[in-house]
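Quantities reported herein were computed from a predicted structural model and do not represent experimental measurements. First the proteins, then the strands, lettered A, B, ... as listed; each starts at 1.
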Amino acid sequence: MSDPGTSPTEADGARRSTAARRRFLSQVAAAGGAALVGLGLGAYARQASALPGFAVRPPGALDERAFLGACVRCGLCVRACPYDTLKLSAFGDGVAPGTPYFEPRKVPCEMCPDIPCVAACPTGALDRGLEDIGKARMGLAVLIDRETCLNFNGLRCDVCYRVCPLIDRAITLDMQRNLRTGKHAMFIPVVHSDACTGCGKCERACVLEVAAIKVLPTRQAKGELGHHYRLGWEEKAKAGRSLLPQDVLELPVRRPGGGS
Amino acid sequence: MTRIPGREAIARKGWLRAHKWLLLRRASQLGLLLLFALGPWLGIWVVKGTLTSSRTLDTLPLTDPFFLLQSLAAGHPPYREALIGAAIVIAFYLLVGGRVYCAWACPMNIVTDAAAWLRRRLKLHSARATSPSMRYWLLGAILVASFASGTLAWEWINPVSLLHRGLLFGLGAAWAIVLGVFLYDLLVATKGWCGHLCPMGATYSLLNVSGLPKVSALRRAACDDCLDCYAVCPEPQVIRPALKGDGSPIVSSINCTHCGRCIDVCAQDVFQMTTRFHHRRDGHEQGTDHIADRLGCGSARPVQ
């Protein structure tokens with residue numbers, strides 16, 4: 001920086017250079033402080049970016065990390081929700097402050113066909129590519145506790161199955177033998193990830209004190225098969241015949257008590 | 001013995017005239033808040049959303065440029081309506097002056113004004129403040145952190161949006177952060193938040209380059225050096241070049257919030273709200289002041 005003065009005396013010059021040095025140092029301190037805050041925020045964002053288990057994002061929400069970079073925390077989706085399902089997270093709720101979420105056990109998503117929350121989002125954090133609410137994947141319902149589920153105990157509760165907006169597609173009842181009584185059936189609710197939207201009606205309706213079926217973030221609920229795996233029966237159906245040559249394998253048949 | 005800023009102006013001009021700009025600002029701040037709150041409180045939906053992004057009468061989109069910046073840094077270009085909303089906001093503040101947001105719209109201003117008022121009343125004297133350019137460094141650091149984390153980094157703790165959103169959607173534990181800002185301004189650093197730290201204000205400072213209304217020390221010859229304007233100004237470093245320099249009397253620093261409080265408290269009526277084209281003397285142009293002065297990190301050397 002050049003000084004504008006015309007003929008500074010030496011003392012004047014020294015004072016100015018001290019002032020310039022002080023100014024420079026305060027800039028360095030400010031820059032250092034800002035860098036520390038930036039680092040802290042970056043690190044905090046990294047560890048706080050996971051959505052807690054009780055919270056589900058609105059339909060069309062991008063993957064959690066992308067969502068946190070896209071959502072401007074305006075609350076327009078919350079205002080658009082006609083059922084007061086969506087809430088805006090307050091500081092200290094455990095969900096990134098200002099972002100929308102819902103708790104299915106309290107108020108589930110009613111799956112409006114016109115998806116007003118997505119239409120209201122100005123940024124694309126809720127993706128307008130979602131046009132059919134049946135294709136929403138807010139999460140995945142999981143019958144997580146077989147020990148308390150009434151159907152697993154041989155009763156015909158079926159409430160989760162009955163309330164499912166995609167009954168017989170997202171939840172089916174699978175009949176099994178009741179080995180405890182030996183003479184009854186059990187109707188086991190089975191969730192199918194290719195149809196479940198994660199709306200949470202099942203979790204809301206579960207008659208237990210604490211729901212046995214819960215909507216979980218899809219990432220936590222789903223396994224993933226190794227990509228080299230092939231399911232024989234599917235391959236067979238695709239090919240229209242067995243892919244195994246019929247005469248390759250000949251295994252000995254062993255029966256109890258010897259004999260073959 | 002200690003002078004209370006504004007006392008003399010009240011005695012001379014009357015209470016109302018000595019609070020004119022303050023009252024106008026409070027009306028603007030509260031009116032804006034009311035517009036947002038009419039919906040959630042009374043079910044009258046004029047404006048939906050928050051100051052970060054809103055829709056007025058279901059047509060006009062508005063988006064805060066600071067949020068857009070963070071979102072872009074995080075790697076997410078938003079839909080067109082958020083971009084249009086930000087363009088409208090940017091155009092508006094280029095026209096009226098960026099920091100008008102801070103003094104006339106931001107709800108945090110009421111909190112920090114209260115802290116400053118209490119501080120003067122309790123005669124607490126200044127302790128350590130960071131450099132006023134801290135906010136620009138912070139703004140840069142936030143954008144880098146947004147880029148690195150892929151999230152809107154400042155929104156984990158942004159006291160301004162936490163407060164505004166809290167009033168409309170439920171405060172949660174955000175009161176603690178707001179109280180923190182209040183106590184910081186009260187006990188740690190005079191005008192510490194709005195005048196030194198807030199990166200949202202820094203964004204609006206960067207838009208504060210072409211605003212039409214300007215505070216001007218038009219009658220600076222009448223100044224009796226009472227220092228009341230310095231005491232109440234949220235950015236006291238901006239006054240000196242206009243008041244004591246021999247260039248343009250217009251307060252041209254990008255950090256001036258156009259709050260007009262200096263006009264209120266001056267018993268000599270030195271300051272006026274004018275336009276940037278008003279009263280150029282002897283061919284002195286706006287742009288002659290040093291860039292460091294405009295950023296508020298330079299010395300208080302006179303303009304020119």
Side-chain angles (χ1 to χ4, degrees), chain A residues 1 3-5 16 19-20 22-23 25-46 48-49 62 64-80 87-93 96-99 120-125 127-128, chain B residues 39-40 45 48-50 52-55 61 63-64 67-68 70-71 74-76 78-79 81-82 85 130-131 133-134 136-142 144-146 148-158 161-162 165-166 168-174 176-177 290 292 297-299 301 304:
Chain A
M1 272 193 215
D3 285 313
R16 281 183 194 204
R22 197 169 298 147
R23 237 174 13 242
L25 286 177
S26 90
Q27 288 303 304
V28 170
L36 275 181
V37 173
L39 268 178
L41 282 175
Y44 180 70
R46 215 158 264 274
S49 288
L62 303 176
E64 184 65 10
R65 177 55 68 86
F67 181 81
L68 292 177
C71 171
V72 293
R73 285 75 165 154
C74 66
L76 282 170
C77 53
V78 177
R79 293 295 184 230
K87 315 187 261 195
L88 213 53
S89 167
F91 190 77
D93 276 4
T99 58
C121 177
T123 67
D127 188 353
R128 285 183 198 162
Chain B
W45 294 101
K48 281 182 186 168
T50 56
T52 39
S53 195
S54 64
R55 243 166 193 275
T63 300
D64 187 285
F67 284 76
L68 182 71
Q70 286 184 83
S71 186
H76 183 88
Y79 283 150
E81 66 191 79
T130 58
S131 155
S133 57
M134 174 73 175
Y136 299 105
W137 292 107
L138 207 50
L139 175 60
I142 285 162
V144 172
S146 295
S149 67
T151 72
L152 273 61
W154 192 239
E155 293 320 301
W156 294 98
I157 53 167
N158 186 352
S161 58
L162 282 176
R165 200 188 302 121
L168 303 173
F169 286 90
L171 205 53
I177 296 234
H290 202 279
C297 51
S299 65
R301 94 167 68 79
Q304 202 200 20

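- With a threshold of 4.5 angstrom between heavy atoms, Cys77(A) does not approach chain B through any atom at all.
- Ranking Cys121(A), Ala96(A), Gly33(A), Pro97(A) against chain B, the residue ahead of the rest is Pro97(A), based on heavy-atom pairs under 4.5 Å.
- For Val72(A), the parts lying under 4.5 angstrom from a heavy atom of chain B are both the backbone and the side chain.
- In this structure, the portion of Leu162(B) lying under 4.5 Å from any heavy atom of chain A is its side chain and not its backbone.
- By number of non-hydrogen pairs under 4.5 angstrom with chain B, the leading residue of Ala90(A), Ala30(A), Gly92(A) is Ala30(A).
- The side-chain heavy atoms of His76(B) and Phe67(A), taken from C-beta on, include no pair separated by under 4.5 Å.
- The candidate from Gly166(B), Ser149(B), Ala74(B) with the greatest count of non-hydrogen atom pairs under 4.5 Å with chain A is Ser149(B).
- Residues Trp156(B) and Leu68(A) form a side-chain contact, since some pair of their non-hydrogen atoms from C-beta on lies under 4.5 Å apart.
- Shown here for Ala145(B) and Gly42(A), the closest heavy-atom pair between the two residues is CB-N, 4.2 Å.
- Looking only at distances, a side-chain donor or acceptor of Arg165(B) sits under 3.5 Å from a matching main-chain atom of Arg73(A).
- Looking at Leu39(A), there are no atoms closer than 4.5 Å to chain B (heavy atoms on both sides), in backbone or side chain.
- Looking at Leu138(B), both its backbone and its side chain come within 4.5 Å of chain A, counting heavy atoms on both sides.
- Neither the backbone nor the side chain of Leu139(B) comes within contact range of chain A, judged by heavy atoms closer than 4.5 Å.
- Looking only at side-chain heavy atoms (C-beta outward), Lys48(B) and Cys74(A) stay at 4.5 Å or farther from each other.
- Within the model, atoms CD of Gln27(A) and CH2 of Trp137(B) stand 6.5 Å from one another, a figure rounded to the nearest 0.5 Å.
- Residue Ser71(B) comes nearest to Gly69(A) through the heavy atom pair OG-O, 3.1 Å, listed as atom of the first residue, atom of the second, then distance.
- By number of non-hydrogen pairs under 4.5 angstrom with chain A, the leading residue of Ala176(B), Gly140(B), Ala141(B), Gly172(B) is Ala141(B).
- Contact tally against chain A (heavy-atom pairs below 4.5 Å) for Ile142(B), Thr63(B), Thr52(B), Leu152(B): the top residue is Leu152(B).
- Across all non-hydrogen atoms, the minimal contact from Ala82(B) to Pro122(A) is CB-O, 3.2 Å.
- Put simply, of Ala43(A), Gly75(A), Gly32(A), Ala20(A), the one with the most heavy-atom pairs under 4.5 Å next to chain B is Gly75(A).
- If you measure heavy-atom distances from Ser146(B) to chain A, you find no contacts under 4.5 Å at all.
- Contacts with chain A were tallied for Gly75(B), Pro40(B), Gly39(B); Pro40(B) has the most, counting heavy-atom pairs under 4.5 Å.
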Next item on the list: Give the C-alpha distance, both sets of side-chain angles, the deciding distance and a yes or no for side chain to side chain contact (heavy atoms under 4.5 Å, CB included) between Trp154(B) and Val37(A).
Entry: CA-CA 10 Å; Trp154(B) 192 239; Val37(A) 173; 4.2 Å; yes

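- Ala31(A) touches chain B through backbone and side chain together, each having a heavy atom under 4.5 Å away.
- Atom CG in Leu88(A) sits 7.5 Å away from atom OG1 in Thr50(B) (nearest 0.5 Å).
- No donor-acceptor distance shorter than 3.5 angstrom exists from the side chain of Thr123(A) to the backbone of Tyr79(B), with no hydrogens or angles considered.
- Residue contact with chain A, scored on non-hydrogen atoms closer than 4.5 Å, involves the backbone and the side chain of Ala173(B) alike.
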